[in-house]
Amino acid sequence: MNVKGKVVLITGAARGIGAGLARRMAAQGAKVALVGLEPDELKRVAAECGADAAFWEADVTSWDAMEKAVAGVVEHFGGIDVVVANAGIAATGFARSIDRRAFERVIEVDLLGVWRTVRVCLPHVIERKGYVLIISSLAAVVHIPGNAAYSAAKAGVEAFANSLRAEVQHLRVAVGVAHPTWIATDMVNSADKHPVFGALRTSTPGLLSKTYPQSLAVDLLDEGIARRSRVIHVPSWVGVLKLVRALIPRAVELASRRFMPAADKAAIEDIAKRGEQESSIVGPGGRADLEARG
């Protein structure tokens with residue numbers, strides 16, 4: 001699929017992969033609709049994308065906000081050819097001590113936000129026999145301590161994408177799911193600075209702790225959109241890991257025996273020092289989501 005002249009709607013487009021992909025799509029002649037929570041950042045990215053880009057401030061967990069934004073996109077551009085459900089936040093913490101609101105908000109944004117985005121956009125994508133790309137994660141495959149909410153949400157959107165693909169293929173709509181590993185975005189960089197969980201992630205041996213440049217993710221997602229790919233692995237070794245995913249939880253359990261006692265204690269101490277909410281927030285996106293909810 002050549003995206004020139006196509007309308008591409010991207011959620012979570014204010015920063016990171018979403019912003020990078022918007023710039024790439026615009027450079028190829030696409031009409032880019034940016035949706036997110038940070039209007040100043042969205043305005044800046046839209047300006048970088050050029051005249052055929054516009055932005056809409058919307059919370060992906062709000063039916064009203066998404067319906068209004070999508071109606072605005074359709075009125076402005078005439079329709080939607082591609083939707084990239086990219087908006088997501090993360091929260092750090094172990095299940096027994098993490099801020100309950102932060103845990104549940106990750107599920108709301110990363111899982112229910114994807115569902116609401118796709119549901120509202122789908123009639124327009126069907127009309128143009130377009131493409132839906134859902135951004136999952138390596139976290140859907142490797143479920144590490146301190147990342148339960150994010151892993152649950154990303155595994156959920158992978159399952160959602162697989163079901164959706166079977167449901168709409170007869171309508172000539174293609175559905176893809178992307179699995180990026182750690183990418184150097186504001187979210188990941190902020191998580192690495194966490195006094196407890198940053199050290200846990202970066203000390204993991206081998207490829208599982210390696211951070212890749214954002215340009216790699218944009219390149220592979222761009223290629224996947226052009227091919228209307230059903231699965232995009234960022235990078236390719238994530239696909240190999242998926243072949244042995246049944247063995248991974250046991251490996252994580254065994255490895256966790258070494259560090260969990262000290263990490264569990266440190267997490268509780270950090271909460272006592274900074275509070276549940278501050279201890280759980282990850283990155284500007286997470287903070288913007290919190291501020292948007294008052």
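Throughout, numbering of the chain's residues begins at 1 and tracks the sequence.
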Asks: Please walk me through it: do R24 and S215 pass side-chain hydrogen bond (donor to acceptor under 3.5 Å, both in side chains)?
Replies: CA-CA 10 Å; R24 178 66 59 83; S215 58; over 6 Å; no
Asks: Checking R119 now: which residues fulfil side-chain contact (heavy atoms from CB on, under 4.5 Å) with it, not counting sequence neighbours?
Replies: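 Residues passing side-chain contact (heavy atoms from CB on, under 4.5 Å) with R119: W63, W115.
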Asks: Taking atom NZ of K43 as the centre, does the number of heavy atoms from other residues, nucleotides or ligands within less than 6.0 Å exceed 12?
Replies: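 No, NZ of K43 has 12 or fewer neighbouring heavy atoms, counting only those of other groups under 6.0 Å.
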Asks: For residues 145-157, dump all side-chain donor-acceptor pairs below 3.5 Å to protein atoms at least two apart in sequence or in another chain.
Replies:
unit_1, atom_1, unit_2, atom_2, d
S151, OG, A139, O, 3.1
S151, OG, N147, O, 3.2
K154, NZ, I135, O, 3.0

Asks: If you draw a 6.0 Å radius around CZ in R227, do more than 12 non-hydrogen atoms from other residues or ligands fall strictly inside?
Replies: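 Not buried by this count: 12 neighbours or fewer within 6.0 Å.
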Asks: Please test D186 against R15 for salt bridge (charged side-chain N to carboxylate O under 4.0 Å, His left out), starting from the C-alpha separation and ending with a verdict.
Replies: CA-CA 8 Å; D186 290 337; R15 298 175 181 271; 2.8 Å; yes
Asks: Do you know the tightest heavy-atom contact between A14 and E38?
Replies: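 Here A14 and E38 meet closest at CB-OE2, 4.0 Å.
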Asks: Hey, any chance I80 and V173 share a hydrophobic cluster, counting ILVMFWY side chains that come within less than 4.5 Å of each other, even indirectly?
Replies: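 Hydrophobic grouping puts I80 with V173.
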Asks: When you measure from the side chain of H233 to the backbone of P235, do you find a donor-acceptor pair of N or O atoms at a distance under 3.5 Å?
Replies: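 Side chain of H233 to backbone of P235, a donor-acceptor pair under 3.5 Å: no, none is there.
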Asks: Quick one: do the D270 and S279 side chains pair a donor with an acceptor below 3.5 Å?
Replies: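 Side chains of D270 and S279: pair found under 3.5 Å.
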Asks: Tell me whether V8 shares a hydrophobic cluster with I17, the cluster being built from Ile, Leu, Val, Met, Phe, Trp, Tyr side chains joined at under 4.5 Å.
Replies: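 Both belong to a single hydrophobic cluster.
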Asks: Determine whether more than 12 heavy atoms belonging to other residues, nucleotides or ligands lie under 6.0 Å from atom CZ of R100.
Replies: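 Atom CZ in R100 is not packed in, count stays at 12 or less.
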Asks: Nearest 0.5 angstrom please: K31 NZ to D81 CG, how far?
Replies: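 Here the rounded value is 9.0 Å.
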Asks: Test D222 against Q28 for side-chain hydrogen bond (donor to acceptor under 3.5 Å, both in side chains), laying out the working first.
Replies: CA-CA 10 Å; D222 175 27; Q28 295 177 2; 2.8 Å; yes
Asks: Taking the side chain from N189 and the backbone from T185, do they hold a donor-acceptor pair closer than 3.5 Å?
Replies: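 Present.
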Asks: Would you be so kind as to tabulate the donor-acceptor pairs closer than 3.5 Å made by side chains of residues 104-111, with sequence neighbours excluded?
Replies:
unit_1, atom_1, unit_2, atom_2, d
R105, NE, D289, OD1, 3.2
R105, NE, D289, OD2, 2.8
R105, NH1, T61, OG1, 3.3
R105, NH1, E108, OE1, 3.0
R105, NH2, D59, OD1, 3.4
R105, NH2, D59, OD2, 2.9
R105, NH2, T61, OG1, 3.4
R105, NH2, D289, OD1, 2.8
D110, OD1, I89, N, 2.8

Asks: Using modelled atom types only, decide if a donor and an acceptor are shared between the side chain of R230 and the backbone of V175 within a distance under 3.5 Å.
Replies: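 No, because the side chain of R230 does not come within donor-acceptor range (under 3.5 Å) of the backbone of V175.
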Asks: Applying the 4.5 Å side-chain criterion to the ILVMFWY set and letting contacts propagate, would L37 and V84 be lumped into a single cluster?
Replies: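 No, because L37 and V84 fall into different hydrophobic clusters, even though each may have its own neighbours under 4.5 Å.
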Asks: Taking V35's backbone N and O only, do any of them form a donor-acceptor pair with E57's side chain (distance below 3.5 Å, no angle check)?
Replies: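 Not confirmed, E57 side chain does not pair with V35 backbone.
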Asks: Can you hop from I10 to I183 via hydrophobic side chains spaced under 4.5 Å?
Replies: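 As far as the 4.5 Å side-chain criterion goes, I183 and I10 are connected within one cluster.
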Asks: Would you confirm whether W56, through its side chain, and V70, through its main-chain N or O, come within 3.5 Å as a donor-acceptor pair?
Replies: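 Checking the backbone N and O of V70 against the side chain of W56, no donor-acceptor pair under 3.5 Å is found.
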Asks: Give a yes or no on whether the backbone of S209 and the side-chain of R201 come within a donor-acceptor separation of less than 3.5 Å.
Replies: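 Side chain of R201 to backbone of S209: a pair is present.
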Asks: Rounded to the nearest 0.5 Å, what separates atom CG in L208 from atom CD1 in I248?
Replies: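 So the gap between those two atoms works out to 8.0 Å.
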Asks: Please name the residue in the list V83, L171, L164 that meets the side-chain contact (heavy atoms from CB on, under 4.5 Å) test with L122.
Replies: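 Only one of V83, L171, L164 forms a side-chain contact (heavy atoms from CB on, under 4.5 Å) with L122, namely L164.
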Asks: If you count every heavy atom of other residues, nucleotides or ligands that lies below 6.0 Å from E253 atom CD, does the total exceed 12?
Replies: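 Above 12, so yes.
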Asks: Does N86 reach the main-chain N or O of G12 with its side chain, forming a donor-acceptor pair under 3.5 Å?
Replies: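 Here the side-chain-to-backbone pair exists.
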